[in-house]
Number of protein chains: 2
Amino acid sequence: MSILRPRPNLSDIAASLGVSVATVSNALSGKGRVSADLIEKIRKTASEVGYIPSMTGKALRTGRSGVLGLVLANIAHPLFPQLAQAIEYAAAKSGYGVLIGDSRGDIAAQTDAVNRLLERGADGLIIVPRRGTRIGDIGRPVAVIDSPSTPGNTVAADHWNGGQQIAQYLLTQGHRRFAVIGGSPNSNVQNDRIGGIRSSLPRSAVTDTLWIDEIEHDAGQGCDLGVADLVRRGFTAFCTVSDLHALRVLMELQRAGIRVPEDASVTGFDDMMWSSVVTPSLTTMRMDMPKIAEIAVESLLRDIEASASNPRETENGSLFAHSPAKAQTSSVPMHLIVRQSSGPAPSADIHARKE
Amino acid sequence: MSILRPRPNLSDIAASLGVSVATVSNALSGKGRVSADLIEKIRKTASEVGYIPSMTGKALRTGRSGVLGLVLANIAHPLFPQLAQAIEYAAAKSGYGVLIGDSRGDIAAQTDAVNRLLERGADGLIIVPRRGTRIGDIGRPVAVIDSPSTPGNTVAADHWNGGQQIAQYLLTQGHRRFAVIGGSPNSNVQNDRIGGIRSSLPRSAVTDTLWIDEIEHDAGQGCDLGVADLVRRGFTAFCTVSDLHALRVLMELQRAGIRVPEDASVTGFDDMMWSSVVTPSLTTMRMDMPKIAEIAVESLLRDIEASASNPRETENGSLFAHSPAKAQTSSVPMHLIVRQSSGPAPSADIHARKE
DNA sequence: CTGAGCTGATTAACCGTTTAATCACTACTA
DNA sequence: TAGTAGTGATTAAACGGTTAATCAGCTCAG
């Protein structure tokens, strides 16, 4: 006894076949010149001994770790799971691993998180920045996922178009009086969504916009938003920019004895994991996370590729701005998911009377 | 021009000071014998040129990557953010990075995910296994987070005690007729919670247990659970094992015009991110993720430490079961969070009449 | 004055892989 | 027959750090 089991490496294979390490490396990577039957033999023994290439060795030599860093403003964000899963999948498909970094909502910590990932040798970073934060040059390729209207953004859901879609859907259902509900006007994403909604409503439609943060600032956290009142005033469509808001509206209406969707329709955004299990289940706009992730990863890998074959130059060797291939921002369409919380507007007669 | 900027390394520092690489390495790591003032000088230039040690180089030599793998049955699980954040934080505190792997709910993929992380050189794995899956030997230290009653578990929330706490809380509020609501009896976690709840209820209490999966199997997905009916039959406490279930119950009661918490109390588990924003906000039991993560990471690092200084042996060099330090499973207490969805039982008179 | 003992630094091997350069050999071509 | 090409393999030098072994110089006891 007393033989510790080291994972087999190239030289083990080389030794057992009586050839050189370089030949084994070439055979397995298909790069140099190796005879067909030797390649075959090497492949065979490699799989026999259960050879697993050491990413570390490879990384040291090639200067590429095969790891992408995923930086989030706040991991605890409810959309993170969808995104992380999509990114992990897209990266794994291209043979990359995903290292996570969290800034826990703290702006200063965002830099720390970025640095930690860079120290670990991440080849590139995917960043979902904190509201309003801009990502400076970090000397390595970066893909930013935020909103199409964020400068420096790489890819994002087309929130504006998402707003248009939901508004148009509600219009076809006969709705004409809209309450548009957002959290805070400081969010690019929310502004895009609301912009899209309002831009799709005809002049004849009646619109009111509610900012939850403002209402709560006056009336205290968790207060009523007064949506039941709006229904009495003839509003039939409650178009929120987040399922979180939609849920809140939904419960407030139910408590007031207002039936959804018979008396009023409620819609959300983001299709959160519970949105399909509440009753009535939520009509919502869903981001195409797999696509977003795929584009982000693709763009990032392209940049990494480019910066490897074409290292950037500086006049004095000092820090110098990294100029990515400047892939123009791409917007990924959102998908309308119709569920139970929305339906035709209550019969027009009633409104005629009210108006 | 035409000088690409490589990140400075040990030999750069060594060259600029006219000393050997080894000395610089020793100075920075505080290992060998280096004079105090030389250490000072080396430290200074190191920070001046912005030296960042290459984890890769270090990893190759030491055989340790400084990276932990986090394997999840399904990243899209709503509790993942809390957990990932806690693990990332705990790992970062000890200088480790976190690589994520997702099996997307697929059992076969779980093995793949594990292998991918191992290939990337993860020093150890933290696994949150899919229901019922057991983790075989993977040749490296592992920490499992599932439920205290899962064999091979390393650390988990004390779900049983959590059930006891919530039951006791409801008892002190005067409740005597309990509806205990779970999703599926196949989950260790849910069984623990329900076991804790029931074990705390006195014989005099009336208890009914509802399994949502079973009800839906008969009546179709998204169907009513019949909780309003239970209220009419005198039940006042709806004790669910997940905030997801609690939300569903809450909405069903509200739709039936039953006031919460005046007419009935509803409680959940897990304190999901939206649980505080619904109205009424949810009373729930929260897992102490930071603590769980801390213990998992600590235990894992201890194992890694141990397996490094004391490599295991095999008789023939073949695969051999990895025996961790067998730290006994530790249970982390859960915390009761009282919010608006629970309160005193309706006046006893009413029940007296019913009983 | 010699050798032991300490201090502060250097040398060189090593981790596992990649890859440019080289070499031995065979097979053509002139 | 010598020179040229091509083929299939090897050699050796990296990559960036760690670390055991070595060494030079100094002090001090015997």
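Lettering of chains follows the sequences in order, A, B, ..., and the numbering in each one begins at 1. No experiment lies behind these values; they were computed from the predicted model shown. Below, all heavy atoms of this structure are taken into account, side chains as well, without hydrogens, waters or symmetry copies.
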For Lys41(A), check salt bridge (charged side-chain N to carboxylate O under 4.0 Å, His left out) against everything at least two apart and list the hits. none
Using side-chain hydrogen bond (donor to acceptor under 3.5 Å, both in side chains) as the criterion, list what pairs up with Ser20(A), not counting sequence neighbours. Thr23(A)
Both Leu60(B) and Val34(B) contact DNA chain C. Taking the nearest nucleotide for each, which residue is further toward the 5' end? Val34(B)
Donor-acceptor pair, Thr154(B) side chain versus Ile145(B) backbone, under 3.5 Å? no
Kindly state each residue pair satisfying salt bridge (Lys or Arg N to Asp or Glu O under 4.0 Å) with at least one member in residues 22-34 of chain A, sequence neighbours excluded. none
Enumerate the residue pairs fulfilling salt bridge (Lys or Arg N to Asp or Glu O under 4.0 Å) with a member in residues 107-122 of chain B, sequence neighbours excluded, ordered by first and then second residue. Glu88(A)-Arg116(B)
So, using side-chain hydrogen bond (donor to acceptor under 3.5 Å, both in side chains) as the criterion, who are the partners of Ser29(B) when residues are at least two apart? none
Hits for salt bridge (charged side-chain N to carboxylate O under 4.0 Å, His left out) against Glu48(B), two or more places apart or cross-chain, chain-then-number order -> Lys44(B)
All N/O donor-acceptor pairs, side-chain side in residues 91-98 of chain B, below 3.5 Å, sequence neighbours left out:
none

Quickly work out the Met55(B) CE to dG17(D) P distance and round it to whole Å. 11 Å
To the nearest Å, give me how far apart CD (Glu40(B)) and P (dG8(C)) are. 16 Å
Rounded to the nearest angstrom, tell me the gap between atom CD1 in Ile13(A) and atom C1' in dG16(C). 12 Å
Filter on salt bridge (Lys or Arg N to Asp or Glu O under 4.0 Å), then keep only pairs touching residues 290-301 of chain B, sequence neighbours left out; what's left? none
Give the rounded distance in Å between these two atoms: CG of Asp12(B) and C1' of dG16(D). 10 Å
Between Ser35(B) and dA9(C), is there a contact of a side-chain N or O with OP1 or OP2 at under 4.0 Å? yes
Given axes from five pairs at either end, by how many degrees does the helix from dC1(C)-dG30(D) to dA30(C)-dT1(D) bend, rounded to 10°? 80°
Could you tell me the separation between the CG atom of Leu28(B) and the C1' atom of dT19(D), rounded to a whole number of Å? 15 Å
Tell me, for nucleotides 18-28 of chain C in 5' to 3' order, what letter each nucleotide earns: B for a base near a protein heavy atom under 4.0 Å, S for only sugar-phosphate near one, - for neither? BB---------
As a test of understanding, state which of Leu10(A), Asp12(A), Ile42(A) forms a side chain to side chain contact (heavy atoms under 4.5 Å, CB included) with Tyr51(A). Leu10(A)
Whole-Å distance separating the CZ atom of Arg7(A) from the C1' atom of dC15(C): 12 Å
Pull out every residue in residues 117-124 of chain A that has a heavy atom closer than 4.0 Å to any atom of DNA chain D, ordered by number, or say none. none
Suppose we screen for side-chain hydrogen bond (donor to acceptor under 3.5 Å, both in side chains). Which residues come up paired with Asn9(B), at least two apart in sequence or across chains? Ser11(B)
With heavy atoms under 4.0 Å as the rule, sort Ser20(A) into base, sugar-phosphate or nothing. base
Length of the line joining Leu38(A):CG and dT7(D):P, which is rounded to integer Å: 16 Å
